[in-house]
Amino acid sequence: MYMVDTEKRVIITAALPYSEAIPHLGNFVGSILPADVFYKYSKLAGYDSIFICGSDQHGTPIEIRALKEGVEPKEFADKVHKEIKHILERFGCSFTYYGKTDSDSNKRAVYEIFNALYKNGFINKVDSVMPYCNIDKRFLTDRYIEGVCPYCGFEGARGDQCDNCGHLLNPSELIRPYCGLCHNNEIEFKKTTNLAIALDKLQPEILEFVKGRMGSWSKNAANKTISYLEQGLEAREITRDMKWGFEVPLEGYKDKVFYVWFDAVIGYIGISMDWSDQWEQYWKGKDTKLIQFMGKDNIEFHTMMWPGILIGSDLGYVLPHTIYAYEYLTAKGLKFSKSRGVGLNMGNALEIAGSDYWRFALMYLAPESSDTDFTIALFVDIVNKIMNGKIGNYVHRVLTLLKNSGLKASELVEDEKSMDKVAVLTRKYAEDFEALKMREALRELVAIADIGNEMISSSKPWELIGKDGVKQGSEGRAKELLGGMVSIVRRMGVLMWPFAPDASSKILKRFGISEPRLSDLEKPLKELNLEGLGPVFSKLSDKQLKELERFEEDS
RNA sequence: AGCGAGGUAGGGUAGUCUGGAGUGCCCGCCGGGCUCAUAACCCGGAGAUCGGUGGUUCAAAUCCACCCCUCGCUACCA
């Protein structure tokens, strides 16, 4: 019935969270959550899919953060990695493997790819002059050199941008520059040579790749990429003068490390290597579809640089099939924060409400095509009205009716005709998913609940079924009505799994389903376990609301 | 400043590629119904100069031009 090619292998990835801090809800809904939801759908549909993600551990911010805390960067990054992994699991994410970029496997993958790029002639040397702090004995990235803004005279402008007037800056433009780390002014501009990937040489092949694939990309990713390509790509540096990272395996560059973006995108492969020996069947499989989710700030890395790396190294890895870049979930009137304790991050969100509530509400508002505001009022509405009122209440009232009727589920009759609308919505649900319109798919589920509730209202089953069973002579009618209603409960349980896995499992357990598949919907109803009936969802309590309000902006 | 995305009832969105009556959805609001269910559910209604101006067209939310506002990127944040 569902036109799914189960022979096809699928790799699903989400942009790797940077292991400096616990992601906030906006980060979560911008890549990992939709990726996880899509992965769960792919399992429902019967795809041979894997879901790969992990922590991005290198780069200057982590090195400096560790320095400040007086620990080794690796120790710091591994600690945060464990915290992120734990919180994502608590949010119901079912990664095939959640790894990290600072691993031996990823180092092997990076070296293999770098050596191939080098051999194939796509590695350039690039000379540049960079600020160097003679006290800290290190080169400073644009962010970590400060001084007076040449445009507005603001003291404390950073080398990349002035926070006061918004002007974009170069470090050399700063007046009276000083080191952003030790605040001394012993700055020297020194020459350094780094390695770069020759995206300019790879441009024709990247262009060809983009043209062939952009039909299945999100609009922002496709258009931005075309615009970049029209302007022409430049060589992009892949090494840095710092200690934390994978050292460059080339004579003359061994005191440098690979640039964090380079080993982060390759991390998708490196992390898969840590997962299983089967990794190659996926990454080098001819028919593998690579589907990648990310926030809009990550587009160019996935649409040009990453394909450029794969094309230039020519090692037989699959290129991205679908690139879906989410807009931002903004938090008007709410504090979304990455730093602990200050705002609503993934950790304290779970202390207020269970993961199902966040997953469902966030996907209901998922910023698929434009920035979307997340407010407490919206969250409360979605939980109380949609999840609790429509879906949870429907499940509960039908199962209660069934229990009161004393009828066995196996003797219920499903009236095909009354199920037509529901079947159409289920088909739309699958189509929405295939088109990555997951928010729409979730709305089909809500529409199914609407149909269920309407069926109950119009057929008035309480006239046939009392607390002590079905009224004399109404058994046939009761079996018909309950057949449709109960099968909708099962359907909602299955279709809800990607969005609210806990509640879904709770419902499906009654039907004896542990690994839901869309094909379960075609099976006749079996006996149900109606032990301990209770609400599937509940409304947010006053206590929960109070806790949420703590995260409202004071202004 | 350049490039990309977005601006649609009180709020949130779909529709825009491929022009055809302001067409749909969720919340809120108003009115009615129901009593199986969690003060839950169902039905009906009101509410929109489709960011602005100008243009093309028999016809524009949709196509073109210019302008305003929000977000992102601009190659050394990741």
Side-chain angles (χ1 to χ4, degrees), chain A residues 15-20 56 58-62 128 130-131 139-145 158-161 166-168 170-171 194 196 199 218-228 230-231 233-237 240-241 259-261 264 295-301 304-305 325 327-328 330 332 364-365 367-375 377-378 380-382 384-386 388-390 392-402 404-405 437 439-440 443-444 446-447 449-450 452-467 485 533-539:
Chain A
L16 309 183
Y18 194 59
S19 70
E20 190 185 5
D56 177 10
H58 293 144
T60 311
I62 285 174
S128 54
M130 285 189 65
F139 282 98
L140 299 171
T141 63
D142 290 3
R143 268 191 162 187
Y144 292 104
I145 180 165
R158 286 170 311 161
D160 55 348
Q161 185 169 25
H167 252 100
L168 298 179
N170 286 315
N194 274 292
L199 293 177
S218 59
K219 202 163 160 183
N220 50 3
N223 290 349
K224 183 168 186 177
T225 303
I226 288 300
S227 154
Y228 263 101
E230 280 170 358
Q231 291 163 45
L233 300 181
E234 298 168 23
R236 182 102 176 196
E237 292 184 32
R240 292 287 86 185
D241 288 290
Y259 201 157
V260 56
W261 72 262
K296 62 176 161 183
D297 54 336
N298 233 322
I299 290 172
E300 69 207 72
F301 291 95
M304 293 171 294
M305 288 139 76
E327 298 288 323
Y328 279 3
T330 54
K332 191 160 69 187
Y364 197 84
L365 298 171
E368 287 178 357
S369 58
S370 63
D371 287 357
T372 301
D373 259 321
F374 183 84
T375 61
L378 282 169
V380 171
D381 275 348
I382 293 166
N384 291 358
K385 302 294 294 187
I386 313 275
N388 176 70
K390 289 189 172 185
N393 184 44
Y394 174 78
V395 171
H396 189 234
R397 64 200 296 213
V398 169
L399 294 183
T400 304
L401 276 172
L402 177 63
N404 287 346
S405 77
K437 292 180 176 174
R439 197 174 55 188
E440 275 307 297
R443 312 259 166 152
E444 315 300 355
V446 176
D450 286 341
N453 280 312
E454 199 276 327
M455 270 171 73
I456 296 179
S457 277
S458 58
S459 62
K460 301 182 171 57
W462 51 87
E463 289 176 356
L464 312 175
I465 301 161
K467 292 266 187 241
M485 292 171 190
L533 283 187
V536 185
F537 296 120
S538 49
K539 296 214 272 185

Mind checking the P distance from B/G20 to B/C64? Whole angstroms is fine. 15 Å

Set out, in order, the CA-CA distance, both residues' side-chain angles and the distance that settles side chain to side chain contact (heavy atoms under 4.5 Å, CB included) for A/Asp371 and A/Lys296, then state yes or no. CA-CA 10 Å; A/Asp371 287 357; A/Lys296 62 176 161 183; 2.9 Å; yes

Picking from B/C36, B/A14, B/C76, which would you name as closest to the side chain of A/Ser369? B/A14

Under 3.5 Å: donor-acceptor pair, side chain of A/Glu368, backbone of A/Arg439: yes

Rounded distance (Å) that lies between atom C1' of B/A40 and atom CD1 of A/Ile456: 11 Å

Here the distance between atom P of B/U38 and atom CG of A/Asn388, to the nearest Å, is 11 Å

Roughly, in whole Å, what's the span from CZ in A/Phe139 to P in B/C76? 15 Å

Check the pair A/Met304, A/Leu233 against side chain to side chain contact (heavy atoms under 4.5 Å, CB included), reporting the backbone distance first and the verdict last. CA-CA 9 Å; A/Met304 293 171 294; A/Leu233 300 181; 3.7 Å; yes

Between the side chains of A/Ser218 and A/Asn220, does any donor sit under 3.5 Å from an acceptor? yes

Closest approach of A/Phe301 and A/Arg236, non-hydrogen atoms and distance? CZ-NH2, 3.8 Å

Between the base of B/U70 and the side chain of A/Asp371, is there a donor-acceptor distance below 3.5 Å? no

At 4.0 Å (heavy atoms only), tell me whether A/Gly392 reaches a base, stays on the sugar-phosphate, or touches nothing. base

Write down the distance between CG (A/Leu399) and C1' (B/U38), rounded to a whole number of angstrom. 14 Å

Picking from B/G12, B/C27, B/C76, the nucleotide nearest the side-chain atoms of A/Arg240 would be B/C76

Side chains of A/Thr400 and A/Arg397, heavy atoms from C-beta outward: is any pair under 4.5 Å? no

Closest to the 5' end of RNA chain B, once A/Val260 and A/Val398 are matched to their nearest nucleotides, is A/Val398

Filtered N/O pairs between nucleotides 42-47 of chain B and protein, under 3.5 Å:
{"from": "B/C42", "atom 1": "O4'", "to": "A/Ser457", "atom 2": "OG", "distance (Å)": "2.9"}

Shortest side-chain distance from A/Glu234, nucleotide among B/A37, B/C76, B/A75: B/A75

Take atom P in B/U56 and the same atom in B/U13, then report the distance between them in whole Å. 34 Å

Does a side-chain N or O of A/Lys296 approach OP1 or OP2 of B/G6 to a distance below 4.0 Å, or not? no

Among the nucleotides B/A40, B/C76, B/C73, which one has an atom lying closest to any side-chain atom of A/Glu300? B/C73

A/Lys385 NZ to B/U38 C1', straight-line distance once rounded to whole Å: 12 Å

Taking only side-chain nitrogens and oxygens of A/Thr372, does any of them come within less than 4.0 Å of OP1 or OP2 of B/U13? yes

Given the P atoms of B/U8 and B/C73, what is the spacing between them in whole Å? 23 Å

When you compare B/G51 with B/A78, how far apart are their C1' atoms, in angstrom units rounded to a whole number? 34 Å

Is the distance from OP1 or OP2 of B/U74 to the nearest side-chain N or O of A/Lys224 less than 4.0 Å? no

Hey, does the side chain of A/Arg439 come within less than 4.0 Å of B/A14's phosphate (OP1/OP2), counting only N and O? yes

Whole-angstrom distance between B/A75 and B/A61, as gauged at atom C1': 37 Å

Where do A/Pro171 and A/Asp142 come nearest, in terms of heavy atoms and distance? CG-OD1, 3.0 Å

For the side chain of A/Trp462, counting heavy atoms from C-beta on, which of B/A37, B/C36, B/C73 is nearest? B/C36

Ranking A/Lys437 and A/Ser227 by the position along RNA chain B of their nearest nucleotide, the one closer to 5' is A/Ser227

In whole Å, what is the span from the CE atom of A/Met305 to the P atom of B/C73? 13 Å

With a non-hydrogen cut-off below 4.0 angstrom, is A/Lys219 in contact with a base, only sugar-phosphate, or nothing? sugar-phosphate

Span that lies between the P atom of B/A48 and that of B/C3, in whole angstrom: 37 Å

Distances under 3.5 Å between protein N/O atoms and the N/O atoms of nucleotides 60-68 of chain B, please, pair by pair.
none

For the residue pair A/Tyr18 and A/Asp56, what are the closest heavy atoms and their distance? CD1-O, 3.3 Å

Could you state the CD-C1' distance from A/Glu463 to B/C36, rounded to the nearest angstrom? 11 Å

For RNA chain B, the dot-bracket pattern of Watson-Crick and G-U pairs whose distances stay under 3.5 Å, | for other-strand partners: ((((((((.[[[[[)....(..]]]]].(((((.......))))).....[[[[[..)....]]]]])))))))....

Separation of B/G12 atom P from A/Glu368 atom CD, nearest Å, is 17 Å

Between B/A78 and A/Tyr259, is there an OP1 or OP2 to side-chain N/O distance shorter than 4.0 Å? yes

B/C67 versus B/G22 - spacing of their C1' atoms, nearest Å: 25 Å

How far, in whole Å, is B/A9 from B/C27 if one measures between their C1' atoms? 13 Å

Which of the following nucleotides, B/A37, B/C77, B/G12, is nearest to the side chain of A/His396? B/A37

